[in-house]
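Some notes on the structure that comes next.
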Amino acid sequence: MVRLRSRLARSQNVIGRGLLELLSRDRLDDEVWDEIEETLITADVGVAPTRAMVENLRTKVKVLGTRTEEELRALLREELLAQVGPDLDRTLRTEPTGERPAVVLIVGVNGTGKTTTAGKLARALVGDGKKVLLGAADTFRAAAADQLQTWGERVGAAVVRGPEGADPASVAFDAVAKGIADKVDTVIVDTAGRLHTKVGLMDELGKIKRVIEKKAQVDEVLLVLDATTGQNGMRQAQVFAEVVDVTGIVLTKLDGTAKGGIVISVQRELGVPVKLVGLGEGPDDLAPFDPKLFVDAIVG
Ligand code: GDP
């Protein structure tokens, strides 16, 4: 996929080209293996997956003896794919059940790309012929609701918002109630990402979820994580994963980073599959996460 390749160019340079160059060296001594390990760690692959990859690569390269570039490429693809989890269930549940729309809750720290993701997801669903409603449950910043409103107008989705400072749960409830009344297919609820205290966050997200569940079930809780923030972002994401049952991860800003390996570490740390990736700021820059296409784009 040409587009994915160009958007992942930075990861491709560091992980793909970097590792191929190292693996092609005449003498693969400990120093080179250390460099390979360092490259993977720098790309945010995570310590345990890096160790596993290096060990497997070492064994397989030894068995190969002399190596062609194509053989090395295939090896690298195989090892990366195994770590990315080719068999995880990444289905996005956005289909209505009976009279009830599907409800997708978007959670995560502010600035990670929640509102943008809500807008892009709405756009993709509208493009598939679905009727979509956006709920602006981030009531703490008027700008957030304005931003969602703009996305709604841009992509053709209705927006439900409350006055600034309104109870986020009541806006979420109103959005779902309107979604049911208007027979929409999918309601996407954007939430505030205030990481004030863990208990506060738990109360807020828990209440939003409980209130929605008076009307419909929450089908997806998507945790948005900014790929450029590395381990720091991961720790914050972990807090969200502890307070709410996350069903999928959206990894944003993969276009701007060489740390594409974060796909591997985040799934491992949070035990939740990456379902969507953000590849830019435009309305079409959201893609379902496909492990094989991802690895192909990185290894070339
Ligand atoms: P929120 O506070 O979590 O709702 O974050 P926003 O949706 O406002 O996004 C914060 C910034 O990140 C905005 O400037 C977005 O355009 C930008 N952004 C979001 N997703 C992506 C992405 O996948 N790639 C890039 N390059 N920028 C993104």
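FYI, the numbering just counts along the sequence from 1. One-based numbering, in listed order, for ligands and for the atoms of each. Both backbone and side-chain heavy atoms feed into the values below; hydrogens, waters and symmetry mates do not. Only a predicted model underlies this, so the values are computations on that prediction, with no experimental measurement involved.
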Check your understanding: Do any nitrogen or oxygen atoms of T115 come within less than 3.5 Å of a nitrogen or oxygen of ligand 1?
Key -> yes
Point to revise | Heteroatom distance test (L254, ligand 1): nitrogen or oxygen, under 3.5 angstrom | key: no
How far is [atom] from its nearest protein heavy atom, and which residue and atom is that?
atom	result
atom 2 (O) of ligand 1	G111 N, 2.7 Å
atom 3 (O) of ligand 1	K114 N, 2.8 Å
atom 18 (N) of ligand 1	K253 CE, 3.8 Å
atom 7 (O) of ligand 1	T116 OG1, 2.5 Å
atom 24 (N) of ligand 1	D255 OD1, 2.8 Å
atom 16 (O) of ligand 1	E281 OE1, 2.5 Å
atom 5 (O) of ligand 1	G113 N, 3.1 Å

Revision key, fill the gap. In terms of heavy-atom contacts, A227 and L251 come closest through CB-CG, 4.1 Å
Revision key, fill the gap. All heavy atoms of N110 vs all of R141, minimum pair found to be OD1-NH2, 3.7 Å
Between [Y] and [X], is the closest basic N to carboxylate O distance under 4.0 Å?
X	Y	answer
R58	D30	yes
D285	K120	no
D146	R161	yes

Exercise for review: Identify the residue among T94, V218, T117, L92 that makes a side-chain contact (heavy atoms from CB on, under 4.5 Å) with V104.
Suggested key: T94
Review point. Are any side-chain N or O atoms of T229 and backbone N or O atoms of N232, one a donor and one an acceptor, separated by less than 3.5 Å?
Key: no
Review point. Taking the side chain from S11 and the backbone from I298, do they hold a donor-acceptor pair closer than 3.5 Å?
Key: no
Need the ligand 1 atom indices (1-based, order shown) with element for anything under 4.0 Å from a heavy-atom of [X].
X	answer
G278	23 (O)
Q147	6 (P), 7 (O), 8 (O)
L279	23 (O)

Check your understanding: Between T50 and E37, is any side-chain donor less than 3.5 angstrom from a side-chain acceptor?
Key -> no
Review point. In terms of side-chain heavy atoms, does T115 have a donor or acceptor partner in D190 at a distance below 3.5 Å?
Key: yes
[X] heavy atom under 4.0 Å from ligand 1:
X	result
D285	no
V109	yes
G280	yes

Practice item. Report the part of T112 in contact with ligand 1, treating N, CA, C, O as backbone and CB onward as side chain, heavy atoms under 4.0 Å; options are side chain, backbone, both, neither. Key: both
**Study point:** ligand 1 versus K120: contacting region, heavy-atom distance under 4.0 Å
**Key:** side chain
Practice item. Show the numbers, then the answer: is there a side-chain contact (heavy atoms from CB on, under 4.5 Å) between I180 and V187? Key: CA-CA 9 Å; I180 294 170; V187 176; over 6 Å; no
